[in-house]
Amino acid sequence: MSEVRVRIAPSPSGNLHVGTARTALFNYLFAKKAGGKFVLRVEDTDLERSNEAYIKNIFDSLKAMGLNWDEGPDIGGPFGPYTQSEKFETYKKYAQKLIDEGYAYECYCTQEELEEEKQTAINEKKAYIYSGKCRELTESQKTKYKREGRKPVIRFKMPSKIMKFKDLIKGELEFNTALMGDFVIMKSNGTPTYNFAVVIDDMQMQMSHIIRGEDHISNTPKQIAIYEALGAKIPEFAHVGMILAPDRTKLSKRHGATAVSDFIEQGYLPEAFVNFVALLGWTPSDGVEIKSLEEIIKDFSIEAISPSNSIFEFDKLNWMNGQYIRSLPNEELTKRALKYIEKYDLTEYTKEKIEEIIAAVKEPITVLSEITDAVEYFFGEDVECNVEALDILNASEAKTILSKALNLANQFDYNNHEQIIEKLGEFRKSFEGIKPKTVMWTLRSALTGRLKGADLSSIISILGKEKVLHRIKKALGE
Ligand code: GLU
């Protein structure tokens with residue numbers, strides 16, 4: 001069997017979208033599983049919509065996900081260039097070849113003429129197909145049009161037939177190409193259309209399989225017809241279902257983040273994100289969903305990709321990210337959390353203590369950005385109280401509890417977590433007529449300004465004597 005060569009071919013008209021990221025991942029997995037090559041190609045023929053910042057975002061996001069390519073614009077390879085805007089001459093050459101061999105022709109129709117054709121189709125309640133009226137233009141007609149200043153497009157002569165192909169995911173597919181009409185392959189400004197450039201590139205880059213979103217199924221017969229006209233080997237096709245939002249509509253910005261970089265910025269771990277995205281359409285053979293990229297490669301097969309759409313469950317992503325966060329060693333988690341806590345004066349604590357803080361707050365965290373708020377009360381001398389904490393501190397029993405807590409704070413051995421747990425245990429039960437829960441809430445409110453947070457004994461041990469005493473005194477109004 002010839003070598004497996006697959007590609008991801010993003011158009012840099014936006015940041016890397018999760019849909020493209022999933023297509024990239026499936027291609028990457030397929031290549032790695034088969035010991036083949038994963039190629040990155042930039043489809044920037046639409047020069048107005050493409051920009052450098054998007055290209056950088058796409059490259060960075062793919063790298064962050066660990067989807068390193070074997071050939072691409074930045075690293076080259078045997079079939080470059082890997083950027084379409086560097087290949088305009090090549091597309092021109094192949095378009096001319098198709099004209100010379102009778103598979104394509106120049107079309108001089110103006111926008112107005114095409115509009116008229118469309119209007120007639122609408123009036124007759126028919127689907128619009130280009131009439132093909134420029135198919136048989138004579139040289140003198142062409143010269144006349146040129147003199148009028150008309151610039152031609154090049155159209156491909158779409159054969160009329162029933163075209164069948166076997167999609168590796170969708171199964172047997174059938175199209176009546178007579179309904180497609182002669183489509184444009186080169187625009188009048190000399191740039192290729194997507195359907196043409198993609199075939200030339202996939203042919204030149206010797207792609208064995210085209211794995212992409214099902215929104216491209218309707219393009220496939222056009223592409224196959226071009227391969228046939230060029231006498232080129234037709235790759236295998238595999239079209240993956242779409243990714244829908246939980247409300248079953250197309251995933252879009254109104255549902256939340258859609259760019260990979262936004263997810264990473266919010267604090268989804270790239271490895272958790274990759275794991276989650278793999279499950280958008282692919283099912284592991286053993287039913288175990290949490291898997292590293294290496295494990296996914298081992299288990300991956302195209303047959304295990306569902307032909308249906310998948311739902312992007314934000315709740316599941318959050319759950320999964322939380323699992324990954326909690327499984328990271330504290331040192332590593334702290335490293336990754338640093339950018340979310342750098343607004344605080346980190347010199348207040350040693351490196352070890354910062355790790356203790358992160359470990360103390362990590363339990364309920366689903367995305368790293370939540371860490372900013374979760375660690376807030378560890379920093380600075382004073383704390384700001386939220387409404388619930390203020391209510392607790394204003395209650396009648398607060399003074400009694402806090403006065404005694406001041407004593408307790410002098411008895412803690414701050415380097416001995418066990419001792420703190422023990423002392424707190426005694427303290428909470430030491431008030432007649434006051435519930436242990438109220439005792440703890442009061443102390444917690446004084447120390448953190450809120451009712452929820454890390455384990456209180458850890459907080460005390462990390463804050464240390466000075467801060468603990470200061471905050472209790474402050475709550476007592478001293
Ligand atoms: N540039 C196209 C896209 O981003 C590539 C489609 C394909 O894989 O053929 O949708």
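Order of appearance sets the numbers: ligands from 1, and atoms from 1 within every ligand. Residues take their numbers from the sequence shown, with the count starting at 1. Here the structure is a predicted model, which means the values were calculated and not measured.
With sequence neighbours excluded, no residue forms a ring-ring contact (aromatic ring centres under 6.0 Å, His included) with Y103. With sequence neighbours left out, the side chain to side chain contact (heavy atoms under 4.5 Å, CB included) criterion links I290 to N275, W319, M320, Q323, Y324.
Each of the following atoms of ligand 1 lies closer than 4.0 Å to a heavy atom of R212: 7 (C), 8 (O), 9 (O). The ligand atoms of ligand 1 that sit less than 4.0 angstrom from a heavy atom of V198 are 9 (O). Residue E43 approaches ligand 1 through these ligand atoms, each under 4.0 Å from one of its heavy atoms: 1 (N), 2 (C), 5 (C). For ligand 1 and S11, the ligand atoms under 4.0 Å from any heavy atom of the residue are 1 (N), 2 (C), 4 (O).
Protein heavy atom in closest approach to atom 9 (O) of ligand 1: Y194 OH, 2.6 Å. Nearest non-hydrogen protein atom to atom 10 (O) of ligand 1 is H216 NE2, 2.8 Å.
In terms of modelled atom types and a separation under 3.5 Å, the side chain of T334 and the main chain of N330 share a donor-acceptor contact. For Y108 (side chain) and K144 (main-chain N/O), no donor-acceptor pair under 3.5 Å exists by modelled atom type.
Defined by atom type and a distance below 3.5 Å, a donor-acceptor pair is present between the side-chain atoms of D299 and S285.
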- Message: For Y194 and H216: C-alpha separation, side-chain torsions, deciding distance, then whether ring-ring contact (aromatic ring centres under 6.0 Å, His included) applies.
- Response: CA-CA 11 Å; Y194 155 70; H216 285 293; 5.1 Å; yes

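The shortest N/O to N/O separation between I210 and ligand 1 does not fall below 3.5 Å.
In this structure, R7 is part of the shell of residues with a heavy atom less than 4.0 angstrom from ligand 1.
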